[in-house]
Amino acid sequence: MFRRVLGKTLGFVGYTIQYGCIAHCAFEYIGEFVVCSGPSMEPTIINHDVVFSERMSRHLCKIQKGDIVIAKSPYDPNMNICKRVIGLEGDKVCTSSPSDLFKTHTYVPKGHVWLEGDNLRNSTDSRSYGPIPYALIRGRVCLKVTKYIDIYNIKKTANVSFCNIRKLVMIRSHVYGF
Amino acid sequence: MFRRVLGKTLGFVGYTIQYGCIAHCAFEYIGEFVVCSGPSMEPTIINHDVVFSERMSRHLCKIQKGDIVIAKSPYDPNMNICKRVIGLEGDKVCTSSPSDLFKTHTYVPKGHVWLEGDNLRNSTDSRSYGPIPYALIRGRVCLKSLAAVRGVLGHSFLRSVIFFTFHAILPLALTLTDGA
């Protein structure tokens with residue numbers, strides 16, 4: 001009796017570990033959903049937006065200028081940050097604020113990237129902590145899931161007419177071009 | 001016939017993916033063997049030494065000053081470096097070389113560590129690229145497995161057992177108690 005219970009428990013634990021590992025590898029190599037908080041990427045990504053970040057670009061080193069990336073914070077290893085890539089290694093970036101009289105520039109060192117938030121007035125990014133190593137990047141944001149939830153709500157409430165279909169097509173193409 | 005072959009192939013691929021994922025998670029959360037190359041950690045770790053680096057300390061943020069760590073290189077995301085932690089966040093570290101007349105110091109910023117190799121004359125470390133973010137650290141080196149293997153091959157049986165116990169099991173036990 002006790003043996004049967006122990007056997008079943010061990011089997012259950014074994015299955016949990018097995019599928020936990022597979023899920024972890026899926027999140028590690030394919031992609032994951034991320035809830036963004038904070039105003040630093042407005043109006044592109046608003047507080048509490050859900051985005052999908054894919055991991056393949058980071059592992060294949062295909063992150064490009066203009067991509068929005070999720071990276072580990074250089075100040076806190078347990079926090080993640082969501083910023084836009086402004087410069088890759090070797091690029092010249094402007095470090096002074098737009099109101100300064102004399103512009104200062106710097107070159108992004110090898111193996112680093114320069115990140116900035118879209119909401120420049122309210123963003124702690126490379127202008128404060130400097131360029132961050134490429135290895136801190138976790139993934140590239142490829143679509144905003146909240147937009148799809150909004151489309152579903154529009155479909156439910158309004159009658160599907162020709163004008164609404166055109167609006168849906170425009171919204172969807174805007175998300176894919178993200 | 002074709003269906004059976006396809007079924008068996010898919011089953012094999014399924015098992016490979018399954019056990020590959022379990023192995024990957026074991027390397028990610030428990031530890032992995034690393035082959036070190038380069039002279040920057042001599043005489044502690046020589047070129048081509050095999051070391052075991054455990055991951056739990058990094059995930060639980062228990063890396064301490066004096067630990068030897070494996071970290072991702074800040075210059076190349078595909079390369080790893082093996083250095084000793086000289087300073088944690090907030091510590092004051094000396095940035096000038098021993099031959100300089102005037103000593104310069106710097107404070108390690110929040111969330112960063114200062115790494116230096118044991119072979120100071122032949123090591124590219126934080127003295128060149130500055131402090132690195134803690135998140136770049138992969139694991140802590142806890143034992144050198146090649147030393148135990150060398151001992152087993154070169155000594156008599158009893159002495160080699162004692163040597164192996166002293167150099168492999170005891171550090172592992174000490175590591176586990178340190179981390180607790």
Side-chain angles (χ1 to χ4, degrees), chain A residues 13-30 55-63 69-81 85 88-90 106-115 124-126 128-140, chain B residues 13-30 55-63 69-81 85 88-90 106-115 124-126 128-140:
Chain A
V13 167
Y15 270 121
T16 314
I17 292 178
Q18 218 171 23
Y19 291 116
C21 291
I22 294 172
H24 176 271
C25 286
F27 292 144
E28 177 73 28
Y29 289 105
I30 300 173
R55 303 286 204 127
M56 292 302 291
S57 304
R58 181 252 178 266
H59 288 294
L60 300 173
C61 289
K62 293 239 187 287
I63 302 281
V69 295
I70 308 280
K72 283 200 172 295
S73 165
Y75 284 153
D76 186 351
N78 301 321
M79 292 261 302
N80 294 323
I81 55 175
V85 174
L88 298 169
E89 61 182 21
T106 182
Y107 287 93
V108 181
K110 187 173 182 305
H112 287 65
V113 292
W114 187 272
L115 302 181
T124 317
D125 44 37
S126 288
S128 358
Y129 44 69
I132 70 161
Y134 186 96
L136 284 184
I137 294 177
R138 286 173 62 103
R140 184 183 72 94
Chain B
V13 167
Y15 272 121
T16 313
I17 292 176
Q18 217 172 21
Y19 292 115
C21 291
I22 294 172
H24 176 271
C25 286
F27 292 143
E28 177 73 29
Y29 289 106
I30 301 175
R55 302 286 205 128
M56 292 303 293
S57 304
R58 183 250 177 267
H59 287 294
L60 302 172
C61 291
K62 293 238 192 286
I63 301 281
V69 295
I70 308 280
K72 282 202 173 296
S73 166
Y75 283 154
D76 186 352
N78 300 320
M79 292 260 302
N80 295 324
I81 56 175
V85 176
L88 298 169
E89 60 183 22
T106 182
Y107 286 93
V108 181
K110 187 176 183 301
H112 287 66
V113 293
W114 188 272
L115 303 180
T124 318
D125 44 38
S126 287
S128 355
Y129 43 70
I132 70 162
Y134 185 96
L136 284 184
I137 294 176
R138 286 172 62 103
R140 184 179 71 94

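In what follows, chains are A, B, ... by sequence order, proteins preceding strands, each numbered from 1. The figures that follow rest on heavy atoms only: side chains count, while hydrogens, waters and symmetry mates do not.
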Quiz item: In chain order, what residues pass the ring-ring contact (aromatic ring centres under 6.0 Å, His included) check against A:Y29, with sequence neighbours excluded?
Solution: A:H59, B:H24
Exercise. Let me know if B:P74 has heavy atoms under 4.5 Å from chain A in its side chain, its backbone, both or neither.
Key: both
Exercise. Tell me, for B:K110 versus chain A, whether the close heavy atoms (under 4.5 Å) come from the side chain, the backbone, both or neither.
Key: both
Self-check item: B:R138, part contacting chain A, at a heavy-atom distance under 4.5 Å
Solution: neither
Quiz prompt | A:Y19: partners by side-chain contact (heavy atoms from CB on, under 4.5 Å), with sequence neighbours left out | solution = A:Y15, A:I22, B:Q18
Practice problem: Could you check if a side-chain atom of A:P77 sits within less than 4.5 angstrom of a side-chain atom of B:I137, using non-hydrogen atoms only? | Solution: no
